[in-house]
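Naming: A, B, ... by sequence-line order, numbering from 1 per chain.
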Protein chains: 2
Amino acid sequence: MSIVALTKVPRPSKEQRIDTIVESARKVFCACGFEKGSIVDIAADAGIAEGTIYRYFDGKRGLLDEVLRRHYAAIFDDVQQTLPAIEGYGNRLRYLIRRVLLAISSNRGMCGLITRDLRQFDTTQPSLAQSLNHQIGILMADEIKAGIKRGDFRSDVSPGIVCDMIGGGLELIAWSYMTNGKAIDVDKVTNAISRTVLSGIESNNATTASLASLVTRLEQTADRLDSA
Amino acid sequence: MSIVALTKVPRPSKEQRIDTIVESARKVFCACGFEKGSIVDIAADAGIAEGTIYRYFDGKRGLLDEVLRRHYAAIFDDVQQTLPAIEGYGNRLRYLIRRVLLAISSNRGMCGLITRDLRQFDTTQPSLAQSLNHQIGILMADEIKAGIKRGDFRSDVSPGIVCDMIGGGLELIAWSYMTNGKAIDVDKVTNAISRTVLSGIESNNATTASLASLVTRLEQTADRLDSA
DNA sequence: TCCAGTAATGAATAGCATTCATTATTCGTG
DNA sequence: CACGAATAATGAATGCTATTCATTACTGGA
């Protein structure tokens with residue numbers, strides 16, 4: 001029979017407890033993934049019993065949602081501070097692409113959660129987390145729509161489809177980063193995506209050729225004028 | 001005590017048994033998804049015991065892989081028959097995009113498996129199924145590379161990135177089809193993607209218009225000079 | 001100090017993939 | 001046809017985890 005004198009620490013506030021749980025969940029999920037990261041692990045890391053987690057969260061899924069929500073919130077904050085300072089729709093679009101690539105390549109564990117586990121939709125109850133990638137898509141779509149209105153972008157483009165292509169492309173790049181592990185060359189990829197989106201892949205030989213012949217003709221004319 | 005006279009059906013061949021199991025798995029997975037579709041359900045549908053499945057497959061995951069492999073194989077067969085008959089790199093690219101959209105929109109259950117469950121990678125052992133989407137990407141990349149070589153496409157485009165953008169875009173469209181259920185307008189989406197990939201989104205209205213008027217003016221000047 | 005009300009606990013529950021000792025069937029051979 | 005290894009099928013038992021809930025521990029006001 002041992003009598004132990006423990007300094008009784010007061011219970012943490014509701015907010016502190018939630019923060020502790022979410023942080024432990026983040027650590028465990030990032031390290032092991034959603035499936036393999038168990039509630040027992042998270043509880044152990046947070047220094048509490050499993051049951052306690054269920055007082056604050058609907059379940060494992062809800063916990064993941066909150067982890068992801070906080071991750072995206074930080075990115076959104078950053079973006080909202082930076083975006084307005086950038087001039088030009090094309091440049092802002094380019095910044096958004098680059099920002100996502102940075103987020104992907106700077107946190108492999110989170111990248112795994114996003115590419116692997118965010119997708120687990122439940123047709124009955126769409127979760128908050130599902131709309132997070134979509135939010136970034138909305139930011140991009142806003143730029144494109146504004147660009148169309150101003151005439152910088154063609155009026156026949158579908159902003160939604162273009163955003164899907166950018167967002168989907170970024171996701172595939174993230175996914176292949178997760179599976180093959182090769183580092184992402186952020187600037188190179190940013191350039192490739194931006195260039196493709198803005199200019200497409202078709203060569204405009206016809207235009208170039210007609211311009212070239214025009215130049216030739218003007219040069220000849222100029223020569224004649226000189227000699228006259 | 002009942003004496004029942006059952007016509008003893010001979011055991012099916014290994015191949016038949018595998019086909020039965022895979023077909024039952026396809027039905028169950030398509031109806032319930034990978035997580036919720038249980039081995040018991042599949043065994044019941046196939047009219048066998050759960051244990052039997054494990055004689056033929058590594059486990060639930062391996063079973064899904066085979067279901068997906070067969071689904072993709074059918075598409076590949078179809079594509080390989082059709083593709084060579086189409087003239088022009090841009091047109092073949094367009095066909096591939098349309099073919100994938102058709103596959104997506106014609107089979108919602110399978111679409112769910114692809115967008116939701118195919119992604120469950122295990123960093124330790126990459127599965128066959130993971131490379132299936134990639135295969136289609138390779139077909140597209142081939143067209144793009146050939147198009148670059150022939151001068152139809154700009155030489156500074158990155159085929160891999162463009163394929164990621166097309167493939168990723170298609171996946172996002174599939175995903176949003178799964179979550180919001182709205183039917184996909186195959187032709188409209190095919191057009192939007194093709195147009196974006198080929199021509200980009202930047203309007204060259206201003207440039208074209210100003211160049212055109214410049215050309216006109218220069219031509220008039222040149223004519224006047226010539227006649228002088 | 002006491003006592004509702006609130007929070008935390010962790011053993012019990014439940015669901016499901018996977019295993020494996022047991023039973024049934026097949027088929028080559030005497 | 002009969003026998004008996006070899007092969008296939010079975011389904012109860014196992015193990016793992018998320019989730020629940022009766023019980024216990026704390027807290028803050030009267």
Value in whole Å for how far the P atom of C/dC16 lies from CD1 of B/I42 | 12 Å

A/Y56 side chain N/O closer than 4.0 Å to the phosphate oxygens (OP1, OP2) of C/dA8?
-> yes

From the options D/dA8, C/dA7, C/dT9, select the nucleotide whose nearest atom is closest to the side chain of A/A49.
-> C/dT9

Only pairs at least two apart or in different chains count here, so list each side chain to side chain donor-acceptor pair (under 3.5 Å) that has a residue in residues 182-192 of chain B.
-> B/R94-B/N191, B/R98-B/D187

Whole-Å distance separating the OH atom of B/Y54 from the P atom of D/dG11 | 16 Å

On DNA chain C, nearest-nucleotide positions of B/K60 versus B/T52: which is more 5'?
-> B/K60

Quick one: label B/G59 by what it contacts on the DNA or RNA (base, sugar-phosphate, nothing), any heavy atom closer than 4.0 Å.
-> sugar-phosphate

Base, sugar-phosphate, or nothing for B/F57, non-hydrogen atoms under 4.0 angstrom?
-> nothing

Give, for atom CZ of B/F57 and atom CD1 of B/I42, the distance between the pair rounded to the nearest 0.5 Å.
-> 9.5 Å

Rounded to whole Å, the NZ-C1' distance (B/K14 to C/dT26) equals 16 Å

Separation of B/T196 OG1 from B/M165 CE (nearest 0.5 Å) | 8.5 Å

Rounded to the nearest Å, what distance is computed from the CD1 atom of residue B/I48 to the P atom of nucleotide D/dT7?
-> 20 Å

Of all the choices, C/dA7, C/dG10, D/dA12, which nucleotide is nearest to the side chain of A/E50 once you look at every atom?
-> C/dG10

Once you round it to whole Å, what is the distance between P of C/dC16 and CG of B/D41?
-> 8 Å

In Å and rounded to the nearest 0.5 Å, what is the CD to CZ distance from B/E23 to B/R70?
-> 9.0 Å

Taken to the nearest 0.5 Å, the spacing of B/S194 OG from B/I166 CD1 works out to 8.0 Å

Of B/S38 and A/P12, the one whose closest nucleotide on DNA chain C sits nearer the 5' end is A/P12

Quick one: is C/dA8 close enough that its OP1 or OP2 comes under 4.0 Å of any side-chain N or O from A/R17?
-> yes

Rounded to whole Å, the CG-P distance (A/L63 to D/dT17) equals 17 Å

Where the side chain of B/I39 is concerned, which of D/dA8, C/dT18, C/dG10 is the nearest nucleotide?
-> C/dT18

From CD1 of A/I53 across to C1' of C/dA8 the rounded distance in Å is 12 Å

For A/G37 and for B/R55, locate the closest nucleotide of DNA chain D by heavy-atom distance; then report the residue assigned to the nucleotide nearer the 5' terminus.
-> B/R55

Find the distance B/I18:CD1 to D/dA8:P and express it as a whole number of Å.
-> 11 Å

